[in-house]
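FYI, side chains are in, hydrogens and waters are out, and symmetry mates aren't considered; it's all heavy atoms of this structure. First listed ligand is number 1; within each ligand, the first listed atom is number 1.
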Amino acid sequence: MALSTPLSQMSVALPIGIDGSSRSMIKVQSVSFTEKSCGPLLRLDTVSRKLSLKKRSTVCMSLQQQASRSKVSVTPLELEEPKETPLNLYRPKEPYTAKIVSVERIVGPQAPGETCHIVIDHDGKVPYWEGQSYGVIPPGENPKKPGAPHNVRLYSIASTRYGDSFDGKTASLCVRRAQYYDPETGKEDPSKAGVCSNFLCNAKPGDKVQITGPSGKVMLLPEEDPKATHIMIATGTGVAPFRGYLRRMFMEDVPTFKFDGLAWLFLGVANSDSLLYDEEFSSYLKDYPENFRYDKALSREEKNKKGGKMYVQDKIEEYSDEIFKLLDNGAHIYFCGLKGMMPGIQDTLKRVAEERGESWEQKLTQLRKNKQWHVEVY
Ligand code: FAD
């Protein structure tokens, strides 16, 4: 299918054109993040009803316009121009002071832990490319170096260079609140809670946030071939860079990147309440079934074929024939999430390679040499 197919009105069409302002886009999008339990039609109704109080005729027109629009236009297109990746524009000694636009919990009540979608206003001063990270310096003193600020914590950027407001002025992060549980009592110990993730998840609109970067090149999306295959393996917040890729591929109208290849996302989380950006991804599945595949592994809800917990590596194994063929044909494969995900995945890939009579070591060396293998784990 060509990518001129209209996107569903649920996730994309609604934000633009409501009143033409980027802030209303953020507001409308936030409805779909927070009302996790609502079905898409209910969300649409909720939003429409709220808007209809003020601008009924505008909304109707905007929805009609949406039907004929395939993608969201973005500005400023100068963000496509630089040939060099933006890198370390702001360093820890002189960070940029940005502002929090919004912080929203994006997991349901049964999710273990809390994950928030955080939109940061950098006013266009800290441009980045999809797949890069920002550094955040939480306020306060570094306990290990009295008088000095905290160390920088890195967060993968979960939006495209245009941000969720499509105007190049914001960046979004997907942050899991780091909590500490006493191994003996199993009780939470707030005195040992993660400093930066809690600062970000507790932040309020308008709060200042010190950022550094952008940093990282390993997860940049290679765009030379718009027909390329991109296999993305994520656990939890590791989905952040892939949300950026997928918005660039399927949500935004960018003159320099007309994606018509295959994007295949494997997302591993604990249960269905822990799924991240599921509605956004499901809409791509509906609108671009030949360009997007989306497989989820819910470790606490599903069983693998051996009766154990379902992890991303079990999904990889299920589709290993296709994955190996795609890799042989030049597909890029990306891994992002907690460090602990890699050993299980590597073991599975090695086992599958051996069953196919191939040497995994040789294959991996080749994939690295061809720049098809991209890993960012933390
Ligand atoms: P810290 O204060 O640094 O604490 C670290 C851990 O130690 C916490 O779990 C805390 O609960 C525990 N702890 C604190 N005190 C004690 C104690 N006395 N005894 C035992 N344990 C203790 N994270 C995301 O959520 N989303 C991302 O997209 C993301 N992207 C990343 C990208 C990169 C390239 C890297 C390197 C990391 C990324 N991270 C991401 C992780 C992030 O940088 C932080 O490491 C994470 O948020 C924890 O930082 P913190 O300041 O909250 O915790």
With respect to Val175, determine whether any N or O atom, backbone or side chain, lies less than 3.5 Å from an N or O atom of ligand 1. no

Any Leu87 side-chain heavy atom under 4.5 Å of Gln132 side chain: yes

Do Gln210 and Val152 have side chains that approach each other closer than 4.5 Å (heavy atoms only, starting at C-beta)? no

Please determine whether the number of non-hydrogen atoms from other residues, nucleotides or ligands lying under 6.0 Å from atom NZ of Lys363 exceeds 12. yes

Exam field: side chain His332 to backbone Lys371, donor-acceptor pair closer than 3.5 Å: yes

Which option, Cys196, Gly337, Gly238, owns the non-hydrogen atom nearest atom 50 (P) of ligand 1? Cys196

Top protein contact for atom 26 (N) of ligand 1, by heavy-atom distance: Cys174 O, 2.8 Å

Ranked by distance from atom 39 (N) of ligand 1, the top protein heavy atom is Leu154 O, 3.2 Å

Atom CD of residue position Glu94 - does it have more than 12 heavy atoms of other residues, nucleotides or ligands inside 6.0 Å? no

Which heavy atom of the protein is the closest neighbour of atom 47 (O) of ligand 1, given with residue, atom name and distance? Tyr155 OH, 2.7 Å

Of all protein heavy atoms, the one nearest atom 7 (O) of ligand 1 is Lys192 O, 4.9 Å

Starting from atom 52 (O) of ligand 1, locate the nearest protein heavy atom and write down its residue, its atom name and how far away it is, to 0.1 Å. Ser197 OG, 2.6 Å

What protein heavy atom sits nearest atom 8 (C) of ligand 1, and how far away is it? Ala178 CB, 3.7 Å

Return the closest protein heavy atom for atom 20 (C) of ligand 1 as residue, atom name and distance. Tyr180 CE1, 3.3 Å

Can you check whether Val209 reaches Phe199 side chain to side chain, under 4.5 Å on heavy atoms? yes

Any donor-acceptor pair under 3.5 Å from Glu141 side chain to Gly147 backbone: yes

With nothing but distance in play, are any N or O atoms of Arg176 less than 3.5 Å from an N or O of ligand 1? yes

Report, as yes or no, whether the 6.0 Å neighbourhood of atom CZ on Arg300 holds more than 12 heavy atoms from other residues, nucleotides or ligands. no

For Phe281, the option from Trp264, Phe242, Tyr294 that meets ring pair (Phe, Tyr, Trp, His ring centres under 6.0 Å): Tyr294

Atoms in ligand 1 flagged as close to Gln179, the criterion being non-hydrogen separation under 4.0 Å: 11 (O)

Give yes or no for whether the N/O distance cutoff of 3.5 Å, strictly under, is met between Val195 and ligand 1. yes

Tell me, which protein residue and heavy-atom name are nearest atom 34 (C) of ligand 1, and how many Å apart are they? Glu376 CD, 3.7 Å

Indicate whether atom 5 (C) of ligand 1 is within a distance of less than 4.0 angstrom of some protein heavy atom. no

